[in-house]
Amino acid sequence: MAGVTPVRVLIVDDDALVRAGLAMILGGAPDVEVVGEAADGAEVAAAVRTHTPDVVLMDIRMPKLDGLAATEALRRRTDPPDVIVLTTFHADEYVLRALRAGASGFLLKDTPPAEILRAVRRVAAGEPILSPAVTRQLIAHVSDTGADGRRRRALALLGRLSDREREVAVAVGQGRSNAEISGELYMSVATVKAHVSRVLTKLEFNNRVQVALLAHDAGLT
């Protein structure tokens, strides 16, 4: 696609057939480039340094270092790539923990090819791929221990925000788009974007999924 910089993708999965299938799906798109592969989470840091991907498709269960630990390590980098977790289960405790750590969403391994491509493009564009409804369903189906501790932590973090920023954070947690928040809170879309950016900075978060989970933990959604 002329004039378009392709989205650089790193595929991480211990199953060679899964890697080959994903590479075939993604490699057929003109605006996506598979820049590398890794067979275990232990290989991810070196692969990211070498290939500088925009998006990492990360298997959650791998023999040496699982996708959760690899995601947590990646998100501590100064300029980390976005992570989409790959799983075989709709409701998975590891997936929920990866989302809390900063993954941008998750995909089932049997997701149709067109949806995988759409998810990669959306994440690369900074858009969430995980709806609040799916997030709530995931939380409801996972044995979510330590809820009281997370509620205290969530309320403490939300205490860093101004009243307006807190309203915006709760609206994000309810799945509102910037345009919807603009209409509900009577501010311009540009102002909403500025508030969301400040919320992410103050909370030291990477994306709106983490804000949604925090609002849920605080009992506000």
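What you see below is based on every heavy atom in this structure, not just the backbone, and it leaves out hydrogens, waters and symmetry mates. We count residues from 1, following the sequence as given. A quick note: this is a predicted structure, and the numbers were derived from the prediction, not measured.
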Could you see if [X] belongs to whatever hydrophobic cluster contains [Y]? Use Ile, Leu, Val, Met, Phe, Trp, Tyr and a side-chain cutoff under 4.5 Å.
X: Phe205; Y: Ile181; value: yes
X: Val35; Y: Val48; value: no
X: Val18; Y: Leu117; value: yes
X: Leu200; Y: Val170; value: yes

Closest non-hydrogen atom pair between [X] and [Y], with its separation:
X: Ala103; Y: Val85; value: CB-CG2, 3.9 Å
X: Ala98; Y: Leu68; value: N-CD1, 3.5 Å
X: Arg19; Y: Ala38; value: CD-O, 3.5 Å
X: Pro81; Y: Val55; value: CB-N, 4.4 Å

Exercise for the section: In sequence, state the C-alpha distance, the side-chain angles, and the governing distance for Val211 and Leu214, and then conclude on side-chain contact (heavy atoms from CB on, under 4.5 Å). Expected result: CA-CA 5 Å; Val211 177; Leu214 187 76; 5.6 Å; no
Once rounded to the nearest 0.5 Å, what's the spacing between atom [atom1] of [X] and atom [atom2] of [Y]?
X: Arg61; Y: Asp15; atom1: CZ; atom2: CG; answer: 14.5 Å
X: Glu33; Y: Asp54; atom1: CD; atom2: CG; answer: 9.5 Å
X: Leu161; Y: Leu203; atom1: CG; atom2: CG; answer: 5.0 Å
X: Lys202; Y: Arg166; atom1: NZ; atom2: CZ; answer: 12.5 Å
X: Arg153; Y: Leu158; atom1: CZ; atom2: CG; answer: 10.0 Å
X: Thr71; Y: Arg97; atom1: OG1; atom2: CZ; answer: 11.0 Å

Handout entry: Asp31 vs Arg121, side-chain contact (heavy atoms from CB on, under 4.5 Å): CA-CA, chis, key distance, verdict
Key = CA-CA 9 Å; Asp31 58 339; Arg121 290 172 178 137; 2.7 Å; yes
Handout entry: Atom CZ of Arg164: over 12 foreign heavy atoms under 6.0 Å
Key =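 Buried by this count: over 12 neighbours within 6.0 Å.
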Compile the donor-acceptor pairs under 3.5 Å between side chains in residues 107-115 and protein atoms, sequence neighbours left out, one pair per line.
| unit_1 | atom_1 | unit_2 | atom_2 | d |
| --- | --- | --- | --- | --- |
| Lys109 | NZ | Asp13 | OD2 | 3.0 |
| Lys109 | NZ | Asp59 | OD1 | 3.1 |
| Thr111 | OG1 | Leu108 | N | 3.3 |
| Thr111 | OG1 | Leu108 | O | 2.6 |

Using modelled atom types and a 3.5 Å cut-off, is there a donor and acceptor pairing between side-chain atoms of [X] and backbone atoms of [Y]?
X: Ser182; Y: Asn178; result: no
X: Arg8; Y: His51; result: yes
X: Asn207; Y: Gly102; result: yes

Exercise for the section: Using the salt bridge (Lys or Arg N to Asp or Glu O under 4.0 Å) rule, collect all pairs that involve residues 182-193, keeping only residues at least two apart or in two chains. Expected result: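 Every pair satisfying salt bridge (Lys or Arg N to Asp or Glu O under 4.0 Å) with a residue in residues 182-193: Arg176-Glu184.
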Exercise for the section: Give the intermediate values and the outcome of side-chain contact (heavy atoms from CB on, under 4.5 Å) for residues Leu74 and Met58. Expected result: CA-CA 11 Å; Leu74 272 187; Met58 182 85 75; 4.0 Å; yes
Practice task
Quickly, which of Val83, Leu10, Leu26 forms a side chain to side chain contact (heavy atoms under 4.5 Å, CB included) with Leu57? Name it, please.
Solution key: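 Filter result, single survivor: Leu26.
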Handout entry: Side chains of Asp40 and Pro63 in contact at under 4.5 Å (non-hydrogen atoms)
Key =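 Yes, their side chains come closer than 4.5 Å.
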Handout entry: Residue of the set Arg100, Arg151, Arg152 for which salt bridge (Lys or Arg N to Asp or Glu O under 4.0 Å) holds with Asp217
Key =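 Of Arg100, Arg151, Arg152, salt bridge (Lys or Arg N to Asp or Glu O under 4.0 Å) with Asp217 is met by Arg100 alone.
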Handout entry: Residues Val12, Met62; criterion side-chain contact (heavy atoms from CB on, under 4.5 Å); working and verdict
Key = CA-CA 9 Å; Val12 184; Met62 291 178 285; 3.6 Å; yes
